[in-house]
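Computed over heavy atoms, backbone and side chain alike; hydrogens, waters and symmetry mates excluded. Owing to the predicted nature of the structure, the values given are computational and were not obtained by experimental measurement. Whatever order the structure lists them in is the order used to number ligands and atoms, beginning at 1.
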Amino acid sequence: MNLKNADILSARQFNRGDIEAILKMAGKMEVFSSKKKWGDLLKGKLMASLFYEPSTRTRLSFETAMQRLGGNVISVVGAQFSSLSKGETLYDTGKTIENFADVMVIRHPKDGAAEELAAGANVPVINAGDGSSEHPTQALLDIYTMQKELGKLDGKTIVMVGDLKYGRTVHSLSCLLSHFDVQMIFVSPSELKMPGNNLRVLKEKNVSYKETTNLAEAMKWADVLYMTRIQQERFTDQKEYEKHKNAYILDRELVEKKCPKAIIMHPLPRIWEIQKDVDDVPGAAYFKQVRNGVTIRMALLAMVLGKNP
Ligand code: NCD
């Protein structure tokens, strides 16, 4: 696979070989993401960071990745401060910003937004989350974390919990995992199940999965327990959110009883679905994911800009 000049818009664009190539490149970036060394691989390159939705980790980890590899960053934060609020299309935004930057990273509340930007832009566009649709770079860092924590993915059971309807990270993650010999268990309230189009990808590949509302039962099978936040901002009816906000809450006692050996993951931010007393459980990996996010984003930026250390 050659990612040079490619857009990264969806987890669907990758096969297993691609995923493995990205993880391998990430391995080469560890020395830089661990803050041991500054790099100069991306010196002379400029990244535009276009975040039209709240973000702490994703934006700062992309910007950290770029800067620690010697590159530079320009950013728009908040749609209200950009011409999108005057009615400019994402297509025109792409046509504009390609004059400034060598690569663009976008987060936007609308499904398909990264694709619209990429249609206009003549430089690589990376999707950092489009509505409730996808979050492919998060899924890559999740896979990287699982591989580091477990040694390998084949043969493992991954339990995904929470808002599987609106949670874009689990949409991209289930797609990437479908290339491995894994079993997936989806735990959600019946109103917040994994959407049909995401399940179709799994069915096409004969991936083994189950759906349930029962967390305690599913936990017993977990090699990885992947928790998610109920996505309040995506609900049109806040009463529906109130109904589900406490659907699944993990505490230390439950982990020790049901899956003491499992790796516990979360894309963050967490609200209360993982209680703080879980942080010291040996398998808690959600803050390691944050570090791995910088590593994966270094790898992706280097690859789309055609650089290899
Ligand atoms: C996620 C997102 O934005 O989809 N956050 C992240 O990028 N790590 C998850 C979430 O907001 O719940």
Side-chain angles (χ1 to χ4, degrees), residues 8-11 26 33 49-66 75 77-79 105-114 125-146 158 160-177 186-189 192 194-195 198 224-235 240-241 244-250 263-275 278-279 284-298 300-301:
I8 297 175
L9 302 177
S10 163
S33 58
S49 134
L50 313 172
F51 279 70
Y52 303 109
E53 237 194 8
S55 171
T56 301
R57 268 155 298 273
T58 306
R59 181 170 66 83
L60 290 180
S61 70
F62 267 109
E63 295 185 0
T64 300
M66 195 66 193
S75 38
V77 179
V105 178
I106 179 172
R107 166 168 291 185
H108 194 281
K110 192 165 84 180
D111 292 21
V125 168
I126 302 180
N127 181 3
D130 62 325
S132 55
S133 177
E134 284 231 39
H135 195 346
T137 69
Q138 176 74 40
L140 286 162
L141 78 88
D142 292 339
I143 297 265
Y144 188 56
T145 304
M146 289 178 200
I158 291 90
M160 296 183 211
V161 184
D163 187 346
L164 307 184
K165 178 179 179 188
Y166 296 119
R168 55 195 173 197
T169 70
V170 287
H171 301 161
S172 296
L173 180 58
S174 60
C175 173
L176 290 190
L177 283 172
F186 300 125
V187 183
S188 71
L192 300 178
M194 186 66 89
N198 299 96
V224 175
L225 188 63
Y226 190 101
M227 301 293 295
T228 65
R229 167 179 78 88
I230 307 293
Q231 308 275 303
Q232 178 173 15
E233 69 275 32
R234 312 268 181 236
F235 284 78
E240 275 299 298
Y241 167 71
H244 297 303
K245 68 178 188 189
N246 295 321
Y248 302 107
I249 295 177
L250 203 63
I263 306 303
I264 317 285
M265 295 178 63
H266 192 304
L268 302 177
R270 67 172 153 184
I271 312 303
W272 44 57
E273 57 282 353
I274 299 185
Q275 296 285 297
V278 181
D279 295 2
Y286 28 97
F287 290 109
K288 294 184 189 172
Q289 282 169 268
V290 178
R291 162 76 69 81
N292 293 335
V294 177
T295 317
I296 280 289
R297 288 165 180 139
M298 282 179 169
L300 293 172
L301 287 167

Exercise. So, R234 and S132: side-chain donor and acceptor under 3.5 Å apart, yes or no?
Worked result: no
Ligand 1 polar-atom proximity to protein (N/O, under 3.5 Å):
residue  : atom   : partner : partner atom : Å
ligand 1 : 3 (O)  : R107    : NH1          : 3.4
ligand 1 : 3 (O)  : R107    : NH2          : 3.1
ligand 1 : 3 (O)  : R168    : NH2          : 2.9
ligand 1 : 4 (O)  : R168    : NE           : 2.7
ligand 1 : 5 (N)  : L268    : O            : 3.0
ligand 1 : 7 (O)  : T58     : OG1          : 2.9
ligand 1 : 7 (O)  : R107    : NH2          : 2.9
ligand 1 : 7 (O)  : H135    : NE2          : 2.8
ligand 1 : 8 (N)  : Q138    : OE1          : 3.2
ligand 1 : 8 (N)  : P267    : O            : 2.9
ligand 1 : 8 (N)  : L268    : O            : 3.0
ligand 1 : 11 (O) : R229    : NH2          : 2.8
ligand 1 : 12 (O) : R229    : NE           : 2.8
ligand 1 : 12 (O) : R229    : NH2          : 3.2
ligand 1 : 12 (O) : Q231    : NE2          : 2.8

For this session: Return yes if some donor-acceptor pair links the side-chain N/O of R107 with the main-chain N/O of A128 below 3.5 Å, else return no.
Result: yes
For this session: For the pair Y52 and H108, name the ring-plane relationship: parallel under 30°, tilted 30 to 60°, perpendicular over 60°.
Result: perpendicular
Exercise. For Q231 and R229, does a side-chain donor sit closer than 3.5 Å to a side-chain acceptor?
Worked result: yes
Exercise. Quick one: do the S49 and E63 side chains pair a donor with an acceptor below 3.5 Å?
Worked result: yes
For this session: Using only heavy-atom distances, determine whether the side chains of Q289 and T145 contain a donor-acceptor pair under 3.5 Å.
Result: no
